[in-house]
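Below is one structure, written out as structure tokens, with a few remarks after it.
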Amino acid sequence: MNTQTTISKPGLKQWLTSDTPRSRLQAKCGRAWLGWIKFTENKLAMIGLSIVIGLILVTIFAPLLAPYDPLAADLANRIQPPGADHWFGTDQLGRDILSRLIYGAQYTLLIVGLVAITAAPLGLLVGTAAGFFGGWVDATLMRITDIFLAFPKLILALAFVSALGPGLENAILAIAITAWPPYARIARAETITVRKSDFIEAARLQGTSNMGLIIGHIMPMCMSSLVVRVTLDMAGMILIAAGLGFLGLGAQPPMPEWGAMVSDGRQFLLEQWWVATVPGIAIFVVSLGFNLLGDGLRDVLDPRGGD
Amino acid sequence: MSAVTRKNRDGRKRARLISGKAGSLLRIVFSLAITFFGLLLVTFLIGRVLPIDPVLAAVGDRAPQDVYDRVREEMGLNLPLWQQFFIYISNVVQGDFGQSVLTANPVIEDIKRVFPATLELATLATFIGVVLGIPAGVFAAINKGKWPDHVVRVIGLAGYSMPIFWLGLMGLLVFYMKLDWVAGPGRLDAFYIDFIEPTTGLMLIDTLIEGDMDLFWNAVSHIILPASILAYFSLAYIARMTRSFMLEQLSQEYILTARVKGISEHRIIWRHALGNVMVPLVTVIALSYANLLEGSVLTEIIFAWPGLGLYITNSLLNADMNAVLGGTVVVGAVFIGVNMLSDVLYRLLDPRARR
Amino acid sequence: ETPKNALVMAFAIDDIITLDPAQIFEFSGAEYAGNTYDRLIGFDNDDVSKIHGVIAESWDVSEDGKTFTFKIRDGIKFASGNDLTAEDAAFSLQRVILLDQSPAFILGQFGFTPENVKDKIRAVDDSTLVMEVDKPYAPSFVLYCLTAGVGAVVDKEEVLAHEVDGDLGHEWLKTNYAGSGPFKLNKWTAGESLSLTANDDYWDGAPEMKRVIIRNVKEAAAQQLLLQKGDIDIARNLEADQLAAVKDDTNIKLLSKGKGALWYLGLSQKNEYLSNPKVREALKYLVDYKGISETILAGRSQIHQGFLPEGFLGAYNENPYSLDIEKAKSLLAEAGLADGFSITMDTRNTTSIMAMAQSIQATWAQAGINLEIIPGDGKQTLTKYRARQHDIYIGRWGPDYQDPHTNASTFAWNPDNSDDATAKPLAWRNAWDAGDLTAQTDAATLERDDAKRAAMYVDLQKKVLADGPFVIMFQETEIASMRGNVNNFVLGPSFDNNYYRFVTKD
Amino acid sequence: MSNDPLLNVKNLKVTFNTPKGEVNAVRGVSFSLGRERLGIVGESGSGKSQTGRAILGLTAANGRITADELKFHDVDLANLTPKQWRKVRGARISMIMQDPKYSLNPVMTIGDQIIEAYREHHKVNAREARHRAIDMLEAVKIRDPERVFNSYPHEVSGGMGQRVMIAMMLIPEPELIIADEPTSALDVTVQLQVMAILDDLVRDRGMALIFISHDLHLVSSFCDRVLVMYQGHVVEELAASALHEAKHPYTKGLLNCLPKMDGDQSDLPILEREASWAEG
Amino acid sequence: MIEISKLNAWFDDHHVLKDVDISVPANGSFGLVGESGSGKSTVLRTITGLVDDWEGNILVNNKELGTTRDKAFYRLVQMVFQDPFGSLHPRHTIDRILTEPVNIHGLGNSDSRVVEALKQVGLDNSFRFRYPHQLSGGQRQRVAIARALILEPKVLLLDEPTSALDVSIQAEVLNLLSRLRRDLGLTYIMVSHDLAVVAHMCDDIAIMNHGRIVERATAGQLAEGSLEHPYSQQLYKAAGGYDRAVVDSFVDWD
Ligand SMILES: Nc1ncnc2c1ncn2[C@@H]1O[C@H](COP(=O)(O)OP(=O)(O)OP(=O)(O)O)[C@@H](O)[C@H]1O
Ligand SMILES: Nc1ncnc2c1ncn2[C@@H]1O[C@H](COP(=O)(O)OP(=O)(O)OP(=O)(O)O)[C@@H](O)[C@H]1O
Ligand SMILES: [Mg+2]
Ligand SMILES: [Mg+2]
């Protein structure tokens, strides 16, 4: 029915929405297109996407957008309240908070991006392997997961940062190391529910190898719950990074990392609230964005949902 | 041509025999032992790779070299690694976690002191989180896509994304300083500190044992703010999970059956659906409780709350490895204990899991 | 509101690791010992050159300067009820040497060893204590060392009653009390609180505060709230911005006192750039002393560039360096580094140090020096510093006792600059071969004429200032913020001399 | 069989709003029902279940019901408040679901679930209710009712579960039972046994029954009257005994395409659908 | 083509198959009927190697099967599952589902093979890039059959291939299966609980109860209803529709 209305407009759109794609490429594009259409119907997800795209754009165009040098200290002008010169005020060294916020976007992006591409796949791999093979593989992997899970998280992160030396990259690595066990558990639970299902056995009967089953058949089933969980955790990751910053082991000064900005500003919170609050709100907005995006993505990733 | 014969059938039988009741207990004990051993090993290794000199905590920066060398030897740091580990493990097995350099106390004593503080806070926080989070999640689920859903979600998320030190200080500023609703940092007003002999270490209970209601209310007014702030985090998570479990349950067939019976919507949601939601939810709650029991360093710093998180962190930053190891073992034990508890509850709540 | 007869304080006391005066070497620990144990002698907080007797009524120094005889005051009782005698004093000093804990060297440097200490320090009778040092040191040197925490007198009988395996009661005293001071220990809960009760029989007058409760509050903002709310009487760790906030509060007053601690940059001579004298000089022109002192440290420091803090014998109080970027640039150009260079600085992650470091970072950038700050927790940066693995270390150095030798022996003294040296003063940590200064420092300890001795130290300071690997920036000022009704809280030049005993409340 | 109609349905339509547009699940179904056993057959997706659910007001939230008339006795089912619905559901009209595995609450005992159905509509004390429930379990030929009463759904077999379901739905003594494929999840022989129980109870208590199934053969051997549905329309209505006289090509096609026991391996006749059927 | 003798299988302690003997000639079609849980599926799953704990002899194409199955085996024997909703991966398109076996076995030409396979089961190209949930039950089952056929096997194991389907669609699928057997010379073992379906499709039939084959019959015998075992007779009667009197004569076989 929907397609009928679009047929009148020939060209790319028709090619994309064709009921009988002639090639895999066309089908893929068409599917992406439909996914996109479905995604755009989800207003909240679109808001989330705009926030995330906004973050990316700010990262790219930081030098153009920032009114001041984010590192230029000016002790005479420290802790100015928000005003015409400094929209969000200045910090304890007289640096423009807006500019620091803009330059800091890249670190936020880096933190969530890196953790997402390290912890999630690691957890996914461990969890699916454990769930799939069962037996001693499961026992071993789950014991290791338990050890990491039962370990005080901040201690683990602290220890890693201390061992590797402070700095944002190491903080990120440390966060990833503490973040993967829950993902492994989710993936394992999901794997156990599907591993005996007919479609997995059917695939096995096609001669698919174990690796093939895990990667091609089991992992996609874990994706949606994982995506949701990861996006839900993103705020937490920024905050753990901030917590490490609070303990002095996160971003290196004068890096305008948002979490570090909040933790630096806490000293002035009672009198000069904006120093900590402005970056705090930025973290909130971005994690809101990732969350909404994650919920939207789940709907698209799961082709069963919605129709 | 040889037929497939059932291999090692007796072997399997025997394996199955061990998997009886005693066997499963044995397996649990074994896997616990492995987990603890792993925890100890990892902690121990952390202690070794940490670029912090453990002797410094004991002698300070300005000690002369000979004192430094003597203390280093006393601490056993000149022995080979495996030997240090072995000594440590054999002490732990005998229940001796050694002495903390920082507090001059046996680690066990320290933990007896700091863990109840964390336990009290975490338990209250989880309680608040559960009492508010579940209804919020249910409320969001039955109003899916409408504004109550969004409100719950955004408020929850805000709880999730504001750094705890921000929330903590703001909470103090507003509720302690401006409104005077709650008491300030610490577990009791400072001049009450000596009035109470720790029996359980849980201030709320000790004050009751003492029978002093003033002290009790003082303790309540001290704990309520940090507990609420910690609760905000678990609340956000619990509400969210409740919402999604609830949505899943509400689309199940048995809900339809209940409707057919003419049961009130109220009962359908709170008895039928929630009864099923609780099954996966106990695991979620247990996990968030276990996480709180690790102690939240940042909350503890801001509220001058002498808890486990601060203790372990501080010990780690001073490379006071006995304390860190002891703390880790406790956290690990708590974690495993809470998990087992959640398993028990799970079985209790889900008849399918019994047997 | 706090009770009239109790003093409630918020103070970061989690550095206390022991309560045994023979071991205490931390700031808050020193403050505890200062209020609970008496020493043989003490000095006037406002003029440290005035040394007076405490437990010792009077003392004599022999002609050859090697024998000190103390006359012990009568009628002093320990908290246990035991009488304090010369034997207790002798035991206390011997114990320091025998236990050989961190601060033991303060006495040990006078030639006492575990083998000879029982002969060299002895009670002749109940009221006479004799101490023999190995060289004719400047008497002020010896006496100042006795005013330090190691000079605290412990109750021999009580301590030995708790002796285990010949530890002279050390294990017990770590968490217990055996003194005669104006306050006695009620309870110490590590990382949580320290509570003291008044010694109503104190020989020099009972304190008015019957209880002193110190709660460990690490977060400065929390201290501020507690103070403004009146839940505590004194907040000890407010930082610049909190101080600015409470200044306007009419219920709160501030008390400040110059302390002995110095803020400095240690420049490792193992670094090719920093070993160049021109670079060292340039860096001394590249600190915004005034800006940092007025904003970041606002009120909690004064600019001070000599290695002896103001108030010490022989302190050199001129501050020749100030921020001068052009001058620094030309010096760098002379050093062949007109384009600058890159270097790292290990920095403790406390708010003030971090802010200082960032200010320095910004200033250096103007001269083309790219400074990378490596933040770390205290012990971590310190470990690296002590292992000589840093380029630059931004640190704080507090004197161990009130004699100039304490700082001279670390800033200007380095007998062996090799990696496996046994003595590791700050000069060694920065791999600086102090050359002649080592001998001059040693000589100064033997100069018995105070005026001449002072001149020697001024000379040493000038030399270190000109050529040393230290950019000494500030001398710390301690500020206690207290409720308006609290009077007579005493801050001294060191933490040993912060006294609670005179406090009264309106 | 009395002839005053219990239920009158005229031009019932059920429309779903989906992201892909409207789905007309039921497009104008009319029938009236006395105290009889009415079968509704049709292929999957023909709107059988939705018809049954519409009568009980259980259409999913995205669905809309319209009808010229939807009356149960004189109760207008099209306009009931939630409160009024509760008086009708269970007490007067009830429904037996297809799969006992999913239709019983897994965390409540069977007894509780039955009692709950009873006590919602009868003010009796717990002991009395328990008594009634055990009687009812006996009535559905459960051999050990006490044990089953205290069991959880996963502890009983499929056939047993379906009997429990029947007991639960009949205990408040409704006048009309809608059974939506009540046996298709069961084994052939068990299937017949369960149907026999249902048959007895409905007969004894004088209830009306709507039996939904896709198995024409089974329905005709069990019911009095059969409605044949195709794409939301009733294409034919016939007396069960007159099945072999069916006129509509759809009905005939359905009958023909069943394999026979005669061992004939030749191709089965295939239902050739015609667009005109869907017009009603 | 398939010779099974003395097949026993266990799930833990549960003895699920007891001395099952089956023999199917090439291009033959063998039917297995029985109540739920009698072990029908287990026979098929043991052949395809999805059951670990078994003993006995299984010969396929005159080759004795051991405990593991190699790739070549899967080119020879394929299986169609009962539930068309569960046997297709919900996140894979039909194209991917069909392409995968082609790639695994390196047959090449996946594009044309997929189109060909779809055509064989009567699906046009418009289905190729859909997801399983976008197909009806019958269409899904056709896809499942196409997947089995794409490796050009000689033996097809059919586990209740139509029990989840409408009668009208069942007819289509059954016709399709008959046609494929004729055209491609396939050998079938077909499991069902519906006697009529088996009677229609198979030459030889075995009736299972509690892991044992209780009776064997030819299609002809079945048509006449000349079955001996009381359980078989009960099954036969049940196939005749609802009859109150007949139901009363049933006994439970628990
Ligand atoms: N919530 C819903 N949203 C959209 N469409 C729906 C919804 N529920 C049912 N439908 C559609 O309504 C139509 C009729 O469904 P119904 O369940 O009545 O079929 P049925 O005859 O019972 O089929 P079956 O034999 O498979 O149970 C189907 O096409 C179905 O897809
Ligand atoms: N994975 C398994 N683990 C344990 N028991 C199993 C497993 N699969 C099957 N069984 C048991 O083996 C027996 C035979 O099962 P099987 O699936 O072969 O029966 P079936 O005849 O195919 O039944 P249906 O008609 O219900 O498909 C049953 O009692 C069943 O409970
Ligand atoms: Mg239906
Ligand atoms: Mg089966």
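First the proteins, then the strands, lettered A, B, ... as listed; each starts at 1. Every value quoted in this text rests on a predicted model; they were computed, and no experiment measured them.
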| D:Leu258 versus chain E, the contacting section by heavy-atom distance below 4.5 Å | side chain
| remark: Cut-off 4.5 Å, heavy atoms of chain D, and the answer for E:Leu195 is both
| query | With a 4.5 angstrom heavy-atom cut-off, which part of E:Asp203 approaches chain D: side chain, backbone, both or neither? | reply | both
| said: For the interface with chain D, which of E:Ala238, E:Gly137, E:Ala196 has the highest count of heavy-atom pairs at distances below 4.5 Å? | reply: E:Ala196
| query | Can you find a side-chain donor-acceptor pair between E:Glu160 and E:Ser192 that sits under 3.5 Å? | reply | no
| Does the pair E:Glu172/E:Arg142 count as a salt bridge with the N-to-O cut at 4.0 Å? | yes
| query | So, are D:Glu236 and D:Lys247 salt-bridged, with charged N and O less than 4.0 Å apart? | reply | no
| request: With a 4.5 angstrom heavy-atom cut-off, could you sort out which part of D:Asp187 is near chain E: side chain, backbone, both or neither? | output: side chain
| request: Return yes if a side-chain donor-acceptor contact under 3.5 Å exists between E:Ser226 and E:Gln221, otherwise no. | output: no
| task | Look at the rings of D:His248 and D:Tyr250 and say which category their plane angle falls in: under 30° parallel, 30 to 60° tilted, over 60° perpendicular. | result | perpendicular
| field | E:Gln170 versus chain D, the contacting section by heavy-atom distance below 4.5 Å | value | side chain
| message | Checking D:Asp199 against E:Tyr242: is there a side-chain donor and acceptor pair closer than 3.5 Å? | response | yes
| message | Counting heavy-atom pairs under 4.5 Å with chain E, which one of D:His214, D:Glu43, D:His217 comes out on top? | response | D:Glu43
| Between D:Ala196, D:Gly159, D:Cys257, which has the largest tally of heavy atom pairs under 4.5 Å with chain E? | D:Ala196
| message | I'd like to know if the side chain of E:Asp166 pairs up with that of E:Ser168 as donor and acceptor (distance under 3.5 Å, no hydrogens or angles considered). | response | no
| task | Could you tell me if the ring centre of D:Phe211 sits under 6.0 Å from that of D:Phe222? | result | yes
| chain E contacts, top residue of D:Leu216, D:Leu268, D:Asp200, D:Thr189 (heavy-atom pairs, under 4.5 Å) | D:Leu268
| said: Quick check for you: among D:Ser221, D:Gly45, D:Pro269, D:Ser44, which has the greatest number of heavy-atom pairs under 4.5 Å with chain E? | reply: D:Ser221
| query | Between E:Arg244, E:Glu224, E:Lys237, which shows the greatest number of heavy-atom pairs under 4.5 Å with chain D? | reply | E:Arg244
| Under 4.5 Å from a heavy atom of chain D, the part of E:Ser178 involved | side chain
